[in-house]
Structures are given as structure tokens and as C-alpha cells.
Amino acid sequence: MKFISAVVTAAIASAPVCNAFSPSSGRSPLRTIQQSTQSQKTSTSLLDTQTDSGPPYSGPASKPILDSVKFPSDMKRLNMSELKQLAHELRWEVIEAVSKTGGHFSSSLGVIELTTALHYVFDMPEDDIIWDVAHQCYPHKMLTGRRDRFPTLRQLNGMSGFCKRKESEYDSFGAGHSSTSISAAQGMSVAKSTLNKRKNNCIAVIGDGAITGGMAYEAMNNAGYLSSRMIVVLNDNGQVSLPTGTQSAGGVKPASQLSAYTSNLLVSKPFQDFRDFAKSFNRLLPENVQDVNKRIDEYARGVVTGGTLFEELGFFYVGPIDGHDLENMVPILEKLRDSDSNKPVLLHIKTNKGQGYAPALAASDRMHGVGKFDIATGIQQKGKAAAPSFTSIFANSLIDAATEDRAVVGITAAMPGGTGMDIFGRRFPKRTFDVGIAEQHAVTFAAGMACEGLKPFCCIYSTFMQRGYDQVVHDVAIQNLPVRMILDRAGVVGNDGPTHHGCYDLAYLGCIPNLTIMSPSDEIELRNMVATCAGFDDGPTVLRYPRGVGYGAEKLQNLFGYDLEDGEIPTKGVPLEIGKGRIIRRPGGVHALGEDIAANGSSDSKLGSGGRGAKREDRVAILSLGTRLSESLIAANEVEEMDPDIAVTVADARFMKPLDVDLIRELAKDNGIIITVEEGSIGGFGDHVLHFLSLDGALDNGDLKFRPMVLPDAYFEAATQYEQYEMAGLNSHHIRGTVLRLAEKVEVPELAELEK
């Protein structure tokens, strides 16, 4: 401790030149660190300066230093000049790699220097670095032995776009959702202390968006209370929501008062350099050393102030620091690493999301998530969609509802772009509320609105609604408040993988009394269900729909059997009767109904076709909930083309709660086989139907076969949505195979034969 005290004293008393590397590290000394005022100018230029003046943009022809670094241990021999060059090469490696595959992009560009500094200073995997959300982990993966796997990024059997413990020992903690890193780092720190491990360096990297989540404050409150040794790096880039800048009731500023607080710190204080940090470092030392250095501490107290909120939570606040300035970050991180203090530290750094690539900085969303793109221009390769996305259809339908009813408002938890609230916000900014990454608050906030007569549409991804589950039960359902919960990204979502699939909502919401749960099969039904939610005030409603686009007029007419006036899809929805499904297809095809389905989905015809289904066991009903209806219709057509005896009826349940029991009874009476199909896990729609059939006695005579087709009890890694449904066994040929097996039209091999 005397040595550390002497280092601090010497740092304050020394000339502007100091050796920032630890004497024992064996690393090369830094360049001269300038006076604080000059450092401020340098730091500002680092944030503002881009590597390219204009298009076409291109990177270095070769990357010799990056080529020499396979693991973090290879970085330890580099001097500062080489470390900076490594960061430059790493940034362009990320740009080039993501341009070929797509993925999360600008978040990684913003932490290039931070990632380089962390891996240079700390020793993974013995030390732990936890990336909150982990969508910014691409440079981390490149420096930890996975550079050659980037051509497989977010693809079937490829590398995940997030940190995964099973993928590498360098991924300390898996992620995908936000605000978890501080809790995980604290748990690791306490475990290391309890187990008397020699080293205890646990670093949580969290953004100013993720730190808006309440769990982050719960963790900081506890870390300060327990004096857990850990470093929290607050990566402050002013990008709280996706995208930040959406028009809402709070204006276009970031949806976070904390962001405003940290921004004020950045404005009111110059960037700290190592000399400034050394002056305040005394406060991190034990009390006996502080007494010895009281004069230094008094001097430092007047030099470095701020971070009051974090200090009140028990953290030693350091910052703000230029997050693109390696010359300052490296020695500060080394001092924190070598400190014997158990007090948690918050290191506040300022970065630019998209740093070093002008097209990213110019984009409204900073190119947060991209498809393949042209490096020279930044233009993404996006094909023209055959139909609008379900998200945009929802948003425009909500605009229709809000135009007619001033009580309609929209809520998002920092995902305006993903939920369509950016579209709604442009039309109704004062009725759009972005609460930040705070799903629990969003749900109860909506409940409070409903109490006073507003009609809140709480728009949250299915996977993120898991974070507000208690609020759905306690604050909404028990009180039977008319909150409209809109769950985008239901079912499998494709390349983001298991942390983002919306597989479980039917199961975890279906067991809650008072909820009305519906799921559209197509874009017309989605419009109708938005109108249904807007007009339903007798309790809470849930509307779930998948990631993807609609089918377009031609497919709606030919496959679904819609009768569209002038061949045009209606632009306005009509309310549906609660708890009522519809039969889409009778034996012989959708047109065998005797009339096409009207745009409101109504059809009362019960006409059949010829001699199909003469035997009960040849009559099959497929009951679908959600957008697997199209695959069910394709399967029905294929089955009847293959076998002249089988008669297939296809029905759209529309609602899981309440079930259309009259429709289910009709299907059970008329058919020998019922198959339910859904985009959800076990415990969802199929289980509700089976439960009803059992209680209703429909299974008692043994003349009804029932099979639920659900997502299997497994996690699906990154792939396309089609590939994931293929693995799940929920595409049309899987449904066709299930029909044929139950109708005993194909032989099913015995398990013993398969094992041979």
C-alpha cells in the first residue's frame, strides 16, 4: 500500500510527462501525456475525427498486427503505437466482416478502443469481462480466437451474434437482453472472494441505454452495500433507444433522465486524463492511507467532482473519459486493476456509436443492425419486400385507431423502430411514450393510464415481455385493466437466436385469468385485431404476431381464399367477435366453401366435396393459431392431391383465450383427427385445446386422434426463420407428414428399426 500511495503522490508532484505503465508489467512506456487542457482538446478531436473524408470508403490493404493477435495474450507485447494500429485494423475488420453477413454493427465500432484496452490490461479468461446485451461483442470475439468464424456470423451452425458461454471460455456470461451485466459481475466477484481466488477482476460493460433498466440499479445498490470489488464501465454514447431521436411525448432527446444526467457530466467537466485520475485515486485507497495523504486528497477533491449519483450508491466514480483515447484508458484501467480496494468502481467513458465509419454516424439508427452492405458507400443490399411488414401494418392500423379515438396512446420500451412506434410517433408524438429499457415500468405505466381512461397499447417484443411478467399478473390482470399488450416478434425470429425468440408467451400468458389472447394469420387479420383491441374495454388484451412481412393480395386470394374487392387488401380493420374462430378450408380447397372468404374473415358455408372423407378416420381438421395457417393450407392441398380419400378441413382459431369452443366441438364431431399448429412452446394453444377436449368428453370414445404441433423443448440457435421452423418441424411438409401418419397412409418405422 505504501507503494501505491507513493505512486499517487509522485503522479501529482511530477511533471506533465509520466510513465503510465506499471513498472512490473514489462510493457513499453506510453507517449507523453499532455496537460489536462491539451488532453481535452485531443480527446474532443478523437471523438470528432473520422478516418475517411468521404466516399468511397475503404480500409487498410493488410492488417499485420491483427494477423499476429489470435488471443489476448498476444497483445501484451505491443507498445502504444502498435496498440493504436491494432485498434485501427480491428475496426476495419469488423466493417468488412459485417458487410458480408449483416448483423449488429455500429455498437461494435463504438467500443473498438475499449475492447482493445480491456484485453490489453486484463487477463481473460481468468479475469471476467461481461458485455451487457453483447450485441457489441464482435471485436471481443475477433480478439479471442474467433476471427476466422465471422463468415458464419448469425447463421445456421455458425457463430452467435452475442456472447455465449458454450462458444468460448472468453465469453464470461451469455447475453442478449439488457441490464444484466452488473448483477452477473457482482456475483462473480463475490464468488471469487468466497473461494479465495488469487485474482478478482470482474468488469461489466454497460451502455447508457441498458443502464436505464431497473435491474442495473438493483445491482449497483447491492454492490455498494456489499463493497463488491468490480469495475462497471458505463459506455455513454447517447443512444438509448433504437433508434434514438424518435418523436415522442418526451421530445426527440434520449428516453432517459439518466442519459441527461451523464450528458451534463460530460458538458460540465473536461475529459479526465491520467494525471487528473491520479489526483482523485487516493479516495479509492484504505482509510489509513487516506489519512497519510490527507493533503493530497483535499487537493484532489477540488479538481475532480461529479458522478454524485453513482457515488451515493457506493461507487468510486471515474470520468468522464474519452472512450476512443487509448493513451488515457490503458493506464487508468491498469491502476484500477492493481488497486487493493474492494470498493466498486464506475468508469464513465464517452464514445461514438459507429465511430470510424461515416455512413454509420450519418444514419438515423447509426446502422445499429444491418444487412449486407457496400463498404464504399454504406448502402445496404435490401430486396424489395413483396408486402409490408407486420410491424408497419400494426403501426398504421394503430394510427387509424388513434385518429378516431383520442384516448389511444402507444408505449415502447426503447424499441420504437422494432415495434412500429417510430411510425406512430411521427403522426402522434404527444401520444407516444418511450420509457427506456424498462419493461416492468412500461406495463404498470400502461395500467395507470388505463385507470384514468386512456387506451394504452403497450408494444414490447414477446421475448422482452418476459421481463414484465409480474406486472402483467399483479398490476394488469388481477385488476382487469384494459391494457393492450402488443407482442411483436412472436415465434422464432431468425438470426438473433434463442435470446430473442418469442416462443413462450402463449404458455406464460395463457395461464393468467382475465386475459384475451389473439394471434393473426395474415395482414388482414392483423388490422382486424388492432381494431378489436382498440374497441375492447372489458379487460386486458394480448395481440401477438411474428417478425416478417405479409402475404400480398395474390396469395391471400389464391391460398387463403379471400374475396378482395378490386383485388386490393383493405387498409382499415374491422373489429372481430371476441373468441370466435373461422373455417378457412373445407375438403376440396378454400373455394369448396361455396363462397370466398370476405375481407372480414366471415364464412358460414359448410359445403363439402364429393366422396372424400367417407370414413371418419379419413377426415382431418387442422386448427391453426397464427401465421402457420399458410403452411397448414399448403399441407392440406398437398395431402388431398396425394390421396383421394383424405378430406382436410383447415380452421383459424384466431383466439387462444377465450377458445372458440363451438368451433372445436364442430371439428371434433365431424373429424377423426385434429391437429393443432402454433408458433409457440409446449404449454400453449395446443394444450388449451387438448384440455378442453378432455374435459368436454370428446376423447372418451376413442374415435378422435389429437396431435399438437408446437416448438419442441429446445433452444434454436441463429439461422433463418425458415431453417428454424424446419428444425422445429412446423413447415408444410411436416404438417403433411403428420396428417398422413395419423390417417395411417404411411408406414411409421418402429423405434428399434430406426436404431439399427
Side-chain angles (χ1 to χ4, degrees), residues 130-135 162-163 173-187 204 206-222 240-242 255-256 258 410-419 421 433-449 456-478 481 483-493 496-512 515 517 540 542-545 547 680-681 683-684 715:
I130 301 97
W131 299 92
D132 206 285
V133 184
H135 58 310
F162 301 100
C163 288
F173 199 74
H177 292 194
S178 79
S179 313
T180 63
S181 60
I182 304 176
S183 296
Q186 186 192 3
I206 186 168
D208 53 340
I211 208 169
T212 64
M215 185 176 174
Y217 295 97
E218 295 172 17
M220 285 191 287
N221 181 50
N222 191 237
V240 174
S241 302
L242 299 174
S256 166
L258 177 66
I411 301 168
T412 178
M415 298 294 291
T419 60
M421 282 296 97
F433 299 89
D434 187 345
V435 301
I437 303 178
E439 291 83 4
Q440 292 176 309
H441 166 59
V443 174
T444 305
F445 178 57
M449 287 179 159
F457 282 70
C458 189
C459 309
I460 297 175
Y461 282 12
S462 170
T463 184
F464 297 148
M465 184 58 86
Q466 296 163 189
R467 298 156 64 95
Y469 188 67
D470 181 62
Q471 286 66 34
V472 173
V473 177
H474 182 268
D475 300 332
V476 175
I478 289 178
L481 293 171
V483 172
R484 288 84 174 163
M485 289 169 277
I486 310 300
L487 308 188
D488 201 324
R489 305 307 199 267
V492 298
V493 298
D496 282 333
T499 58
H500 282 60
H501 294 319
C503 302
Y504 313 113
D505 56 85
L506 291 175
Y508 71 69
L509 294 174
C511 59
I512 302 173
L515 293 187
I517 303 174
V542 175
L543 168 56
R544 73 185 303 264
Y545 55 88
R547 177 183 187 181
S681 68
Y715 292 112

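Since we're looking at a predicted model, the values are computed, not measured.
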Val443 vs Tyr469, side chain to side chain contact (heavy atoms under 4.5 Å, CB included): CA-CA, chis, key distance, verdict: CA-CA 9 Å; Val443 174; Tyr469 188 67; over 6 Å; no

Could you give the distance from CD1 (Ile411) to CD1 (Ile486), rounded to the nearest 0.5 Å? 10.5 Å

Nearest non-hydrogen partners of Cys163 and Ala134, listed with the distance: N-CB, 3.5 Å

So, for Ala204 and Ala185, which heavy atoms are closest and what is the spacing to 0.1 Å? CB-CB, 3.9 Å

Any idea which heavy atoms bring Gln440 and Gly468 closest together, and the distance? CG-CA, 4.1 Å

As a quick check of understanding, evaluate side chain to side chain contact (heavy atoms under 4.5 Å, CB included) for Arg489 and Asp496, giving each step before the final call. CA-CA 11 Å; Arg489 305 307 199 267; Asp496 282 333; over 6 Å; no

Going by heavy atoms in the side chains, are Met220 and Ile211 under 4.5 Å from each other? yes

With sequence neighbours excluded, what pairs up with Phe464 under the ring pair (Phe, Tyr, Trp, His ring centres under 6.0 Å) test? His177, Tyr461, His500

Minimum heavy-atom distance Ala210-Val133, with the two atoms named: CB-CG2, 4.5 Å

How long is the gap from OG1 on Thr180 to CE on Met215, to the nearest 0.5 Å? 6.0 Å

Tell me if a side-chain donor or acceptor on Thr212 pairs with a main-chain N or O of Ile437 at a distance below 3.5 Å. yes

If we only count heavy atoms from C-beta on, is the Arg467 to Ser178 side-chain gap below 4.5 Å? yes

Rounded at 0.5 Å granularity, tell me how far CE in Met415 sits from SG in Cys459. 12.0 Å

Excluding sequence neighbours, so at least two apart, what forms ring pair (Phe, Tyr, Trp, His ring centres under 6.0 Å) with Phe173? none

Distance check, rounded to the nearest 0.5 Å: Asp505 atom CG versus Met465 atom CE? 9.0 Å

Please determine, by modelled atom types, if Thr419 and Asp488 share a side-chain donor-acceptor pair under 3.5 angstrom. no

Under the ring pair (Phe, Tyr, Trp, His ring centres under 6.0 Å) rule, collect the residues that match up with Tyr715, sequence neighbours excluded. none

Nearest-0.5 Å distance, OG1 of residue Thr463 to OH of residue Tyr504: 8.0 Å

Atom pair CG (Leu509) and CD (Gln466), whose distance is rounded to the nearest 0.5 Å: 9.5 Å

Shortest non-hydrogen pair, Ser681 vs Ala507, comes out as OG-CB, 3.8 Å

Using every non-hydrogen atom in the two residues, find where Asp132 and His135 come nearest and quote the distance to one decimal. O-ND1, 4.3 Å

